[in-house]
Every structure is written in C-alpha cells, then in structure tokens.
Amino acid sequence: MVHPLDSGVSRHILRDMIRIRAVEEAIADRYGEQKMRCPTHLSIGQEGPAAAVGAVLGPEDLAVSGHRAHAHYLAKGGDLPAMIAEIYGKATGCSRGNGGSMHLVDEAVGFMGSTAIVGGTVPVGVGLALSLAVRRKPGLVCIFIGDAVLETGVFYESAGFAAVRKLPVLFVCENNLYSVYSPLEVRQPAGRALSDVAAAVGLQASSGDGNDPRAAYGLLKSAADRARSGDGPQFVELATYRWREHCGPLFDNDLGYRSEAEYLVWKARDPIPRLMQELREEGALDPAWLAAAEAEIRAEIEAAFAFAEASPFPDPVLASTDIYSREIAPFP
Amino acid sequence: MVHPLDSGVSRHILRDMIRIRAVEEAIADRYGEQKMRCPTHLSIGQEGPAAAVGAVLGPEDLAVSGHRAHAHYLAKGGDLPAMIAEIYGKATGCSRGNGGSMHLVDEAVGFMGSTAIVGGTVPVGVGLALSLAVRRKPGLVCIFIGDAVLETGVFYESAGFAAVRKLPVLFVCENNLYSVYSPLEVRQPAGRALSDVAAAVGLQASSGDGNDPRAAYGLLKSAADRARSGDGPQFVELATYRWREHCGPLFDNDLGYRSEAEYLVWKARDPIPRLMQELREEGALDPAWLAAAEAEIRAEIEAAFAFAEASPFPDPVLASTDIYSREIAPFP
Amino acid sequence: MTYAEAVRDALAVALEQDPAVIVYGLGAPDPKGVFGTTLGLQEQFGADRVFDMPTAENAMTGVGIGAALGGLRPVLTHQRLDFALLSLDQIINNAAKWRFMFGGRRGVPLTIRMILGRGWGQGPTHSQNLQAIFAHIPGLCVVSPATPADAKGLLLSAIFGQDPVIFLEHRWLHGARGETPAGDHRVPIGRAHRLRQGGDVTVVASSILSLEALQAVDHVALQGVACDLIDLRSIRPLDWDAIESSVRKTGRLLVLDPGHETGGVAGEIVARITTRCWGHLRAPPSRLAMPDAPESTSPALTLGYHVRAEHIAEAIGDLVGAPLEVSSLSARPHPHDVPGNDFQGPF
Amino acid sequence: MTYAEAVRDALAVALEQDPAVIVYGLGAPDPKGVFGTTLGLQEQFGADRVFDMPTAENAMTGVGIGAALGGLRPVLTHQRLDFALLSLDQIINNAAKWRFMFGGRRGVPLTIRMILGRGWGQGPTHSQNLQAIFAHIPGLCVVSPATPADAKGLLLSAIFGQDPVIFLEHRWLHGARGETPAGDHRVPIGRAHRLRQGGDVTVVASSILSLEALQAVDHVALQGVACDLIDLRSIRPLDWDAIESSVRKTGRLLVLDPGHETGGVAGEIVARITTRCWGHLRAPPSRLAMPDAPESTSPALTLGYHVRAEHIAEAIGDLVGAPLEVSSLSARPHPHDVPGNDFQGPF
Ligand SMILES: Cc1ncc(C[n+]2csc(CCOP(=O)(O)OP(=O)(O)O)c2C)c(N)n1
Ligand SMILES: Cc1ncc(C[n+]2csc(CCOP(=O)(O)OP(=O)(O)O)c2C)c(N)n1
Ligand SMILES: [Mg+2]
Ligand SMILES: [Mg+2]
C-alpha cells in the first residue's frame, strides 16, 4: 500500500516532528536549571501541523506566529542555536536576547516574527502579503494561529481585508481545544466550527486532523497552491493537542481543567509513532536513516545548548540603542 | 386583501416614518442657519427599519445606536424637544449639550445612548443584555448598526460573547450600501452577505427589505420573540438607502461616488408612500387620521425647535464638573 | 494576608455584599485563579457572576460598560496591562467619557484590574506600566496600591464608586504580606498615605516603588536624613495637597515612577509642584523612573532597568548634597529578576 | 500652498519617487480626498498603491506594519485621532517595539496620519489631541507641524525614515497658507524651529498653538516684551537643546500644549527644563493647555476651552510681571468654533 504523498516529503515531515519534539523536550528537561528565564510555551504533542506546513512552504514564502512558536520557527528553517540562545537571553539570540521564547525571528528563512499578544501578528502577516502583492513578488504568507485567535476582533478585521484584496495568505489554525486553562465552550459559541466561521468571513476554509500530518499536508498543499495562484486567502484548521502545561515545562492535568482521560486519548494519537509506523508498513522507512536522523538531531541540539551557554549576554548599552534607527537615536 | 399585520401596528409604523422624515427634513431645512453647530447624520430615506423596530420594542427593552441615530432615538420614544435642543447645544438637550447629534440618550424610554465611534456601542449593548440576564430582568437590547460595523473587530468579539452567554440581543443592521463615500466592495469581500457572516459567528440571522417596513416588522418580531424567550442573540439585516449626504443636510450624488440612477431607483422605493398606498388599498388608512397625524407632527416639530431656540446654553462651569461623580470631582 | 489574598478578599466581600457585583476576565475561574486573586469565587458565587471570557479585550471592556449602565458593578481583570491596550478605545472613548458626553447624569462604575508584569523574561509585551496613558484621560480614576490593606480598600472603593477605575496591581506585590482589615474596608480614591515622616526630603512613590522607597528612606534615616515618604495610592485623582504641604516643609522633592520617564506621571508631579511651590524649593526637584526603553527579556538587560532602593537612597543623597552609604542596599537574597527565591517561572 | 495641499504634495512626491510608497485609509480615494490631502492620488498612482480600507483600524495598522516589514513604505490616514485609539495595540505593542523586541536590526517605517478635530461640535469623540499617549512610548516618533512647509517636510522625512511616525495634522490648519518648497523637501524629525527671537521669555509651542503664539508674541513685542518662540515640530524626539539654550538666556519658560494639561507634553517639558536649567530660571515655568475635560459639542462650552492668542499674551505678561494689553487680541472675524467664515459644517 503506497501513500499518495511522496515518501521523501513524508520522511521530511517525520524528521521535522522528531526534531521539534527533541528540541522541546531538551528545553523542558533543562528549564529547571533556571538559565532559561522567560515564559516558554512548548509544542510537545502538536508537532504535526508545524511539520506539515514546513514541507509545504518554500523559501520565498513568509511566516509569522504567536506565543507558541518554537515549532513554527524550526519548521520554517529557523536557526536552532539562535533560538536556544534567545531563550537564554544571550547576545547571539535571534532577537539578541530582547525577545526571548515569545519573540522569535529569522528573516533569512522568511520567519518574519512571532509575538506574545494573542492575534497580534495576524494583521502583520496580512500586511506582508500585501507587500508581496504590491511588489508583484511570488510566495505567500503563512499565519500561524491558535483557536483563541478566532475570538479576537483583529482576526476578523484582517481576514476581511485579505479577502477584499485577495491576498496570498494561508492561515494555519492549530485547534488544541484550550486557551491556557479555558476550554472552547466558555470562549466560543457552542457548535461553531472554526473553519465555518473562517469560510463565512471570506476565507477558503478546510479542516482536518493535525495529528495526521500527511493528511494535513494534503489540505495545506491545496490551500497554498490556491493562495499562490491568486485565489485569495486560505484557512486550514488542524485539530491537535498540547500535552504539557500551557506555559512551562511540566504536565498539569492534575489541575483539573482537563481530564487525564482526554489527555491519554490524545497521547495515543501521537503523530510521530503513527507516521513512523505508517512509513514502516509502506516500506518507506529505512531504520538506518532514522537512526542517523536521530543522532544528527541529538548532536545538533547538544551543540545548540552549548552555543547558548557559551554565548555572552548582551551589552547593557544595547537596551537603550535598539529602540530607534540611527537617524533618530539616541533619543535625548 | 388584508395584510397579516394588524392595521393599528401598521399605522403606528407609518406615523413613525412620517414623523422621523419630517423631523429630519426640518433639521435639513434649518441647518444652514448655523445654529445647529455639530456634525449631523440624517436618516431621510431609511426610516423603515427604525419605525419597524419601534413597533417591535416594548418599554422594558433597551436600545443603543451609532452616529446616525435620530431615527432610532425617536422610534424608541425619545424626547423630541430634548433631541433638537441637544443638536443646538443647549442645556435642555438630552445630553445637556455636551454630546450633540452624535450622542443622544433618553434612559427614561430605554434609549441608553448613541455614540460616534463606529461599532462603539455594540459591546455596550451586549453588556446591557448581560445585566438583564444577571438581574433576571425581562426585555432585550436592540443594537442598531450600519453595514460598516461588520468590518469592525469589536462586532465579532461582541457577537461571540453574546452567543456564548445566549444573551437577549437583537442586532438591527441597516445596510445602506455605503460607509461615507465607500461602497461595500472596497470594504468587504465580494459575495459575503452580512447576514451569512452574522449566522456563522453564532447569531440567528435573517435579512429583508428595510423599505418594506411591514415585512421588516415580521422579521424583527420573530427575532425579538426568540431573543426574549432565551434563544440567544439575533441579527436582522435590512436593506435600505440614505438619500442625502453622509453627514449634513445636502444631496451629494453630484460627487460621483454613487450614481444618480441608483439613487432614483431607491427613491422610487420610498417606504412612506409605499406603505401609505398599501394601507389605502387595504382600506386601513383614514384620510382624516393621516391629516391629523401630519398636523400633530408639524406642530410638535415647530414646538421642539421653538423650545430649542428658547433654551439657554449650558453654564460653562458644567464642562468641568460633568466628568467625575461628586465623590471624585472636582479633579484638582 | 498577602496582597493577592487581599484582592481576593475584596472581591469576595463585594460579591457577598451586593448581587450587582460581577467578576470576569481571562482565567477568572481557572484553577490558579489569576495568581490566587479569584480562587474559589466562581464556586462560591456562581458562574453567572464570576466567569471566564473570550480573548476579546476591547469588546469585553465595552460589555463591562454596558453591564455597569444596566445596574451591575463589574470587575474585569487583565493578566497583563499590555493586553488592555486592545481596549483603549472602549476605555477612553466610552468609559471615561460616558458621564460627560451624556450630560453628566451618570457614570460608569467599572473596575478594570490590570496586572503589571516584571522580570523573569516578561519582556517587551508583558511588562509595561503605562499608567501615564490612563492618568492623562479625564474621566478615569487610576489607583496603584502598594500594600494589601490598600489593595483591598481601594478595590472596594472602586467597585462601589460611580466612576471607571483602572486598578494597577503589580505582579511582584502579590506575595507581599501586611495587616488587612476584615470586612468592607474602604480606602478613599484620591488620598495619599504618608508612610514615613521627616523634614529633609519629600519622596513620592507608588506601587512596588513605595516598598523600595521604604527601604531606602529607613536606610538613610540611620544616616541622619529624614524623609517624608508619600505613597500616592491614587494616580488620578492625585493628592496634590499631600505633596505640596510636604514640599513646603522639606523644600526638596524626589518622585519615583514605575513607568517610562518621558511623559510619565513623575514629570507631571515635578512640573506642577515646581510651579506651585516655587519659593519653597531648595534644590531642583528630581525623579527616578524607568528608562525610555521596553523591558528586555534578557536578564542581563533588566539588571539596571528597574528603580531599586539603592538608586533611591543615592538620589536622596544627591538632593541633600551629602554622599550617603547606599551600597549595602544592593545586596539581595535572590536574583534581580524574580520577586523571591520561591519564584521559579514559568510566568 | 495650503497645509492640505502641502500634505498632498508630499504624498505625491513620495509616491512618484519610490514605488514602495503606498497610501491608504478610510476615504483615501474618496471624492473629497480626506479634506483635499489625497485628492487625485488614486487616479495618478493606481488602486494598488492608493486605496480605501474597511473600518478596521487595529488590523489596518498591523497591515501597515507587515507591509513595512515587506519592504513598503505605508502611509495610513485616520480622519480623526479618536479613531486611532482602536489601534493602540498594534501601535504600541508592535510598531513601536518591533525593532527592539527583535534585536534592533530593523524598524517599521510606517507613517500614521491622525487628523485632530476641533470646534463645530466635534465633541468628546472627534476632537481629542492625545499626543501625550504617543509621546510616552519608546520607539515612536511624533510630529505635529504648524506650517505647510513643515507638514510637507516632516511627512517626507517620516515616509522615508526607518521608524514609525505619528503625524498629527490639525484640521484647522488644512486651510492655512505658506511658502512650501517644491520637490523632495525634508525637515528632520527631532529638530525645533525658532519662529521669533527675543531675550525675555521662551515660548514653546506646536501645531495650531504655534500660530496662536505667533500672534501673541508679535503683539507683546510691540509692548516691549521680546520672546523666543520655539515651534517644536517634533514632539518625540523633542529638541531639548533648543529649549534649554533659550531658557538659559531668557530665564522664563511658557509651554503651550494642545492636549489636556494633566500628564501632557507641556508638563514633561516643564519638569525636564526645570531640572536642567535650575540656576537660570528667574520665574516659575508655566504652561497653558487644554483643561482636563473633553471638548463639549455645545458652542457655549468650547468658548473658553482652547488656548488662544490672548491667553498666551496674558501668560507672557504674568511671567515678566508686567500687565500687558491683550484684549485687542480677542477680536476675531468669525465665530470661535470654526477656523474661518467659509467653514459652515457639517464636519
Ligand atoms: C491579547 C491577549 N490576551 C491574553 C493573552 C494571554 N494569553 C497568552 S497565550 C493565551 C492562549 C491562547 O490560546 P490559543 O490561541 O488557543 O493558543 P495555544 O496557547 O492553545 O497554543 C492567552 C489567552 C495574551 N497573550 N494576549
Ligand atoms: C472607528 C471609526 N472609524 C471611522 C469613523 C468615521 N465614520 C463615521 S460614520 C462612518 C460610516 C459608517 O458606515 P455605516 O456603519 O454603514 O453607517 P451609515 O453611515 O451608512 O449609516 C465612518 C467610517 C468613525 N466614526 N469611527
Ligand atoms: Mg489553543
Ligand atoms: Mg452604511
């Protein structure tokens, strides 16, 4: 039985998921050392959507994201050592230590920024798409959002404008059912599917299982193709689940805001072993390749942490010169 | 041929439309005198929705509105002399002269306020509905909006919350195709019906012809009944058209942002002669009643302007004491 | 009790006392209860009156305004002031102006709690104290209590008042302890509190800087410099009389500001007091505020960012023209970017 | 040319010169062209680059930020500053901080025009000059030109700079005339302009108050009082050197502020100059600002609301301790609530 998706792409997705998980677990393992001194939101359990998007986007495509952005940054090709150094608050961080986990950027690979205000980068992504349209450049802008973003006014305003101008935007909504400790039903009307709302406001919308990353890839690829060919903005909702606490390295099912049973159901839907198993059954997974990939990833992560640890802290003087351009600064 | 709507209600609607039109025309006629010194948005041509709403709402119902609110204020039973005095900036105005045409209030009849920021009273209306729910009071809150409000984020945020809490809200959207000089297509995605958007975000929605006020009444009445019986928030879109310039007393089709032909089509759909004619055909319009109503209205308007003209201006001291309650004021 | 417990206590007293009081905000009924300040309130008072909300800050502020006009006394909580920037339209155009623009008959008794972040990498969008914005708006009250008792007393005054109140609550104060009167304890909005009395220098502070100032003032007192320490408690209205009468006595003014320096509240105080107390000033008034820069996430860059006791003591020394020993104030039992050793993240 | 024409001219020059420039806002291509400031630009430069937008101020500000990051130089227009309050999240949390929070590598060259309303019953929500809010935010530039030449020159500097700029444009200045250089005329952001020279009093003004001040300063000059009149042009960064060197000479400072007094920009200037020029001041510095109240719609209540030439002349007299003749300044050829007799509403 051969899966319609090219096995090279499938392995790319698998490798990305493994890599993202390993990075996040390394952060979780070391967070207690108190050297990563900033709020940190991990994507363990929900690597599927990011990895699938990573396989769909090309180098000319851009992306923005929110507070839970490690996976997106990495899937888009962001520099791993610079990300870890950023979480350490080091001068070699991708934001020179000013932004931390919640403010990642790597323009060299089109990751244009993630910020910590829910919905805050949504219009920024639409504006980037406007710049592509006005400058007649190829590509699209991927805007990563969580389910809570469909509560923010700025999402609707931005989606409306993107639709009016038929901009090349791909919204990727990771619906993990929660916003911090709050389930969907205390935040959004009962029976309102996120993708239906998106469709009604003028986006072409679809939805699927984010923990089946090859299925997600299919939805995303079609949507991206439509966006690139001038069909206007797209919206793909992907169901997934965060395993650990909203912010920080621990598990928190003991708090009671969601049930252990629910968590176990989702854990059983772990996208990584699932895809691994599928590829194995399809005869598309060479154990040697997998072992090598895992070893490479381990080494890469070790090196990234070593880099972060060894890097200097930023010079305090920067804190006051990073604010304006040289024509304006220093503000007297 | 008897119309299903009670003829008393029909005449109530007709009288309200005639009255609103007459008030607005009196304002337009006198605006050039330069005694009404504030931005003033008239509803001439689009009296249908307001009059129909007026017939649906009861005294325990509340209402809020936006910049074009004269018709809504009057239909809800607002005090006419106080409104005219307000436009004159007089101490006897409903907002003591501080608010002018764009900030009307008459809490005695449940008209809780109209303000000039597009979308600004939408969440206020939802909050009023929340207060009804928490205090277990009967009634609903009618939120008058224009088509442009469906571009504002705050509309979506408010509608979502109203739906989550199933609040007794009735959105009445007067879709007059324009926002100032801008037609719908430069502001909202092509093919996106306002009522479809409203339905998707969690409101029960319907749409109809606002210039057929009896049909509008039917839609509004059903929606209001649903809201009152705990079915949650409702949305009724009513197509209509403003005849004069966006702000001010004149006609402005010469500017070219809309065509004279379009205007003439809508003028032919004038809701007042239409309903008059229908009632006449149904034998439900006594010419003596109509003549008396028109005379009463004329007299009432004359008296209102005389009252406004004769009223004193507010005491300058008020401008600095109206800001805080007595416990806090005067701010040093 | 702690400051967080005092806030919770005020909410419980208000909810108990008046069925019109409602409490809502992101996470209001969550298992951690907004740093403990809302713990158990939903269980006690029901989901009708204590509830979560969508991430929709502007609308939910307008909802509070409408609810207040409908006879309720709503308390809205933002886990960071930074999120409330989404709601400045409703705060400035509606809440602050409702009384005025409808002729002065009634105001909007809406209380908006905003928690101020600091340290542990809160960074540029989770640590702003933009009190100056609110303090500039006619129609708003702004309070920023430093102690549990004032937190409770000002919160109850806000809830049961007739005006919109911005209630600024510093995350680092949540664990601070202090005597707190039981029951319906009120502290009037607009009245400062003199924490120390002395004739040499007037020190004006608020929020967490009142605690830093206490340390500094007590430290320099041992070196013979006696300060009036005025804890503002309210930022708008501001207790001008308290500052003025102190400055007429001391002739020296130091104002501490937990917000950015340029255009901050301290500048307003310096400007007004200079004009009013011109003949009494013996030295140029001075201020200590945050730099005109966002807070960085890097702990290396927050080290010198916040005003601390040692800076205050040094500034007092400058004002009296005597070099004082201040370095012993710099020693802290825990890293500079956390309120205490028990704080280990993640936010 | 008029101020409105100068704004339009700057936009046309920018659009002509650089294909990256885009101009948008509610009504940008409408038949009246935002009080004439955008007239014909869509016809000339195409609907791709000059366009209308939805009533969605927060998103459209974020769109401008993204467009700027994508290499464009966007100019967004709000017909009133009051509407921009919906977008303070994007302005403060994103535009102002982008450079800082991503490590200082690049900023957001976004220009946001905000028109300031006044009179003809603009009232509480169409007349706010909240420049103090923007001037408090690290990362923003704020300019408020008084003349057509400065409007053009500052707008071009804003558009072609590397930072977000709030461009404050007073509705009553649109009709004001003045010599305006042709072509790509730039006025540097952060530099004040001395409009009159004199040794007795330093008068600091901006926007429409610079014109009122000119009348007052010329009027008192005939009575022997010579003022330095400094037109700030930029509110942030602010030209501290220009004020300081003037005050060192005159020893007297009067600051005019078109915003509310408490927490306004004038207070910041008084505070900083007091501290810096302590030994040079011969009288307490003073300021004239709007009252701490919204503008009423009623013409009866706007009569004493705005700072006018006669108030300025009187304040100058107070500073020099000499009663001056000021009443002749009060005579105006038109009602107080319109910029001229040709203005007959409706907005
Ligand atoms: C405007 C705003 N309000 C509130 C918050 C606090 N907050 C941080 S993350 C978060 C949850 C967002 O949920 P979702 O979008 O579903 O993303 P998830 O965390 O589930 O990945 C909230 C409410 C914020 N950062 N910004
Ligand atoms: C937030 C905001 N943005 C812009 C404006 C300017 N404005 C005043 S009325 C109006 C048009 C609103 O159109 P619509 O809601 O369709 O109502 P209509 O005027 O057609 O009755 C606009 C954009 C405003 N008042 N508030
Ligand atoms: Mg989520
Ligand atoms: Mg309309």
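Letters A, B, ... are given to chains in the order of the sequence lines, protein chains preceding strands, and every chain is numbered from 1.
Within the 4.5 angstrom heavy-atom criterion, only backbone atoms of B/Arg187 (N, CA, C, O) approach chain A.
B/Glu157 places a side-chain N or O within 3.5 Å of a backbone atom of A/Gly153 that can act as its donor or acceptor partner.
Annotation: residues 199-212 of chain B contacts chain A through B/Ala200, B/Val201, B/Gly202 [non-hydrogen atoms, separation under 4.5 Å]. When the heavy atoms of residues 237-247 of chain B are compared with those of chain A, none of the residues falls under 4.5 Å.
Here the CD-OH distance, from A/Glu151 to B/Tyr156, works out to 16.0 Å after rounding to the nearest 0.5 Å.
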